[in-house]
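Some notes on the structure that comes next.
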Amino acid sequence: RKYVKFAKSEIDKDDLKRQIDRLNYELYQTVQEKDRILGLQLKTLGPRPPKVGENGEVIDEEQDEMLVDELASRFPKLTHVDNLYRDKDTTIPEVPGLTLPQLCEAFRNFACSQMGLFYKLNTVRQMFAGIGAGKIIILEGISGTGKTSFPYALGKFFAHDADICAVQPNWKDRSELLGYYNEFTKKFNESEFLRALYTVGYRHDLNLIVLDEMNLARVEYYFAEFLSIMENPDPANWNIELIGSIDPNDPKMFTEGKIKVPQNVCFFGTANNDDSTFTISDKVYDRAISLFFDNKGIPFESEYQEAVEVPYSQLQRLYAEALEEHKIEDNNENLKKFEELDNFVIKKFRLAFGNRIMKQLRQFVPIYVACGGSELDGFDFIFTNKILKKFESLNIAFLKNELTELQRMLEKLYGKGSFPMANKFIENLIKMN
């Protein structure tokens with residue numbers, strides 16, 4: 001017998017990256033030199049012939065200037081967006097007589113009649129209320145229940161496709177999400193997420209950016225800066241710094257190297273709950289509205305529904321009217337009982353309803369009621385998704401008696417059969433432990 005031994009030394013990955021960057025820079029310099037030489041040759045040949053594109057089309061002078069701008073910019077993708085929207089009017093007229101219940105019903109019918117997707121009306125109400133109460137919607141559940149299809153269908157409904165960005169397991173910081181500046185090429189390696197976010201600034205409708213499989217990596221790492229700035233009560237300060245220096249060829253909507261997070265954007269994140277993913281931390285849950293998909297939609301018949309273009313300003317006004325009309329006052333009976341429930345949870349489980357949760361409750365519930373839901377169901381949704389979800393980190397095996405007491409407390413405060421979401425969640429916790 002012969003034994004053959006193969007041996008190899010592992011090449012340092014950082015060294016490989018530096019070599020690739022150097023080669024990219026040299027290639028960039030070579031192309032620039034080639035263009036300069038060709039330009040000198042053309043001058044000696046007389047008048048400049050029309051420029052022809054990749055597909056044989058003639059490029060006019062204005063389009064040629066746009067290409068030059070993109071080549072000169074450190075942000076070619078974002079500069080390309082500037083050129084796409086140059087002199088383009090994206091204003092959308094308001095939809096006469098539109099109400100939130102009509103909007104919920106129209107989207108549900110659109111998803112059914114045009115896309116073969118079946119969603120519960122209550123889920124649609126929760127989604128629209130979530131958009132009004134925050135900027136982050138998390139869609140959880142087992143694979144194949146239509147989580148990614150949900151924002152995709154909503155984008156089609158609003159006649160502007162959602163931008164779907166696939167999260168990768170190696171994402172550890174914001175550079176994976178936004179891109180980074182390459183010191184060799186002197187260009188910013190822009191991500192699709194950054195391009196989508198920058199485009200929102202030119203539009204007047206609701207824009208959806210989807211982080212697909214968001215918990216394949218730790219959300220609180222790569223999305224940390226967004227979680228932080230969206231806590232600022234003044235949207236004028238929602239700025240993300242991309243580059244420290246200023247260049248006259250930078251994109252038009254930059255302010256001192258910073259990009260603004262517009263108000264007319266909503267971030268959707270899909271999350272599978274299995275062994276291949278990370279647990280989403282309370283820091284993320286506290287700032288988001290979470291919807292759980294536990295089964296496929298039940299088919300139903302609906303009227304044919306066309307797409308609807310709605311300006312974001314009209315949505316904002318509908319939300320503001322809902323907050324005013326269904327405002328939760330301090331003397332609200334359900335709110336007083338909620339405070340009693342808070343004291344009970346603190347005593348038995350050492351968990352409290354923070355100020356952030358109470359603020360979301362005062363925003364979510366009025367909009368949910370305006371969409372056609374009941375106030376009690378709105379309280380049930382917030383309690384289940386903001387408080388009971390934290391119980392998953394507790395040692396439930398030693399808290400079964402306390403959970404049974406919690407069910408009795410809910411029945412005592414709100415009546416038998418109330419808080420169906422919370423009771424179902426508690427029952428599942430007891431069974432699983």
Side-chain angles (χ1 to χ4, degrees), residues 119-127 129-130 133-134 136-143 145-147 150 215 269-274 277 279-297 334 337-354 356-358 360-361 364-365 368 373-433:
Y119 298 113
K120 297 176 184 177
L121 182 57
N122 206 37
T123 303
V124 176
R125 289 169 177 162
Q126 292 165 0
M127 183 266 297
I136 308 171
I137 311 290
I138 299 176
L139 309 176
E140 294 184 90
I142 58 177
S143 180
T145 50
K147 300 184 297 296
F150 198 49
N215 59 335
T270 65
N272 285 331
N273 300 323
D274 55 42
T277 58
T279 301
I280 299 176
S281 67
D282 289 344
K283 174 184 177 180
V284 180
Y285 275 129
D286 286 351
R287 291 162 171 79
I289 297 295
S290 174
L291 304 181
F292 192 81
F293 290 71
D294 54 0
N295 52 51
K296 292 183 178 180
N334 286 327
K337 294 175 182 178
F338 209 65
E339 291 170 355
E340 288 186 52
L341 191 60
D342 183 17
N343 294 330
F344 180 85
V345 172
I346 292 173
K347 181 180 178 182
K348 296 291 183 179
F349 303 98
R350 306 295 184 188
L351 293 173
F353 303 178
R356 186 183 291 111
I357 293 175
M358 296 306 297
Q360 285 182 337
L361 182 141
F364 177 89
V365 174
Y368 177 74
S374 70
E375 184 175 276
L376 201 58
D377 284 346
F379 275 85
D380 181 21
F381 178 87
I382 292 295
F383 179 67
T384 304
N385 287 277
K386 294 295 182 181
I387 303 300
L388 291 184
K389 193 172 283 291
K390 298 177 186 289
F391 283 26
E392 293 175 339
S393 62
L394 302 177
N395 195 337
I396 301 299
F398 296 97
L399 295 171
K400 290 185 178 180
N401 292 334
E402 285 80 358
L403 287 172
T404 304
E405 287 183 54
L406 178 58
Q407 286 183 304
R408 294 198 197 102
M409 186 68 176
L410 288 171
E411 186 175 329
K412 174 186 173 183
L413 289 173
Y414 293 102
K416 190 173 182 178
S418 61
F419 276 54
M421 287 184 67
N423 279 295
K424 182 180 178 182
F425 194 95
I426 294 171
E427 288 169 6
N428 287 337
L429 285 177
I430 296 174
K431 286 178 183 177
M432 291 171 63
N433 296 273

Could you give me the CA-CA distance, side-chain angles and deciding distance for Leu399 and Phe391, then say whether side-chain contact (heavy atoms from CB on, under 4.5 Å) is met? CA-CA 10 Å; Leu399 295 171; Phe391 283 26; over 6 Å; no
Does the side chain of Gln407 reach to within under 4.5 Å of the side chain of Glu427, using non-hydrogen atoms? yes
Are side-chain heavy atoms of Phe419 and Ile426 found at a separation under 4.5 Å? no
Distance col, row Met409:CE vs Glu340:CD, nearest 0.5 angstrom, shows 5.5 Å
Please give me the minimum heavy-atom distance between Glu140 and Lys147, naming the atom from each residue. C-CD, 3.5 Å
Can you measure from CZ (Arg287) to CD1 (Ile136) and round to the nearest 0.5 angstrom? 8.5 Å
Is there side-chain contact between Asn122 and Tyr368, with at least one heavy-atom pair below 4.5 Å? yes
Nearest 0.5 Å, please: how far is CG in Asp342 from NZ in Lys347? 14.0 Å
Using the six-membered ring wherever Trp is involved, compare the ring planes of Phe150 and Phe293 and label them parallel, tilted or perpendicular (cut-offs 30° and 60°). perpendicular
Phe292 vs Thr384, test: side-chain contact (heavy atoms from CB on, under 4.5 Å). Steps then yes/no. CA-CA 11 Å; Phe292 192 81; Thr384 304; over 6 Å; no
Atom CD1 in Ile137, atom OG in Ser290: separation rounded to 0.5 Å? 9.5 Å
4.5 Å side-chain heavy-atom contact, Leu351 and Leu394: yes
Closest non-hydrogen atoms of Asn423 and Ser418, given as atom of the first, atom of the second and distance, are ND2-O, 3.1 Å
Which distance, rounded to the nearest 0.5 Å, do you find between the NZ of Lys389 and the CG of Leu429? 10.0 Å
Show your reasoning for whether ring pair (Phe, Tyr, Trp, His ring centres under 6.0 Å) applies to Phe364 and Phe381. CA-CA 9 Å; Phe364 177 89; Phe381 178 87; 4.7 Å; yes
Once the angle between the rings of Tyr414 and Phe379 is folded into 0 to 90°, is it parallel (under 30°), tilted (30 to 60°) or perpendicular (over 60°)? tilted
What are the two closest heavy atoms between Thr123 and Leu291, and how far apart are they? O-CD1, 4.3 Å
Side-chain touch Gln126/Ile289, heavy atoms, less than 4.5 angstrom: no
Is the shortest heavy-atom distance from the side chain of Leu388 to the side chain of Lys424 under 4.5 Å? no
Donor-acceptor pair, distance only, cut-off 3.5 Å: does the side chain of Asp380 make one with the backbone of Ala422? yes
Could you state the interatomic distance from CD1 (Ile396) to CG (Leu403), rounded to the nearest 0.5 Å? 5.0 Å
For the residue pair Leu406 and Phe349, establish whether any side-chain heavy-atom pair is separated by less than 4.5 Å. yes
Okay, side chain of Asn215, backbone of Asn272: is any donor-acceptor separation there less than 3.5 Å? yes
In sequence, state the C-alpha distance, the side-chain angles, and the governing distance for Phe344 and Glu405, and then conclude on side-chain contact (heavy atoms from CB on, under 4.5 Å). CA-CA 10 Å; Phe344 180 85; Glu405 287 183 54; 3.8 Å; yes
I'd like to know whether Leu376 forms a side-chain contact (heavy atoms from CB on, under 4.5 Å) with Asn334, so could you lay out the CA-CA distance, the side-chain angles of the two residues, the decisive distance to 0.1 Å, and finally the verdict. CA-CA 7 Å; Leu376 201 58; Asn334 286 327; 3.7 Å; yes
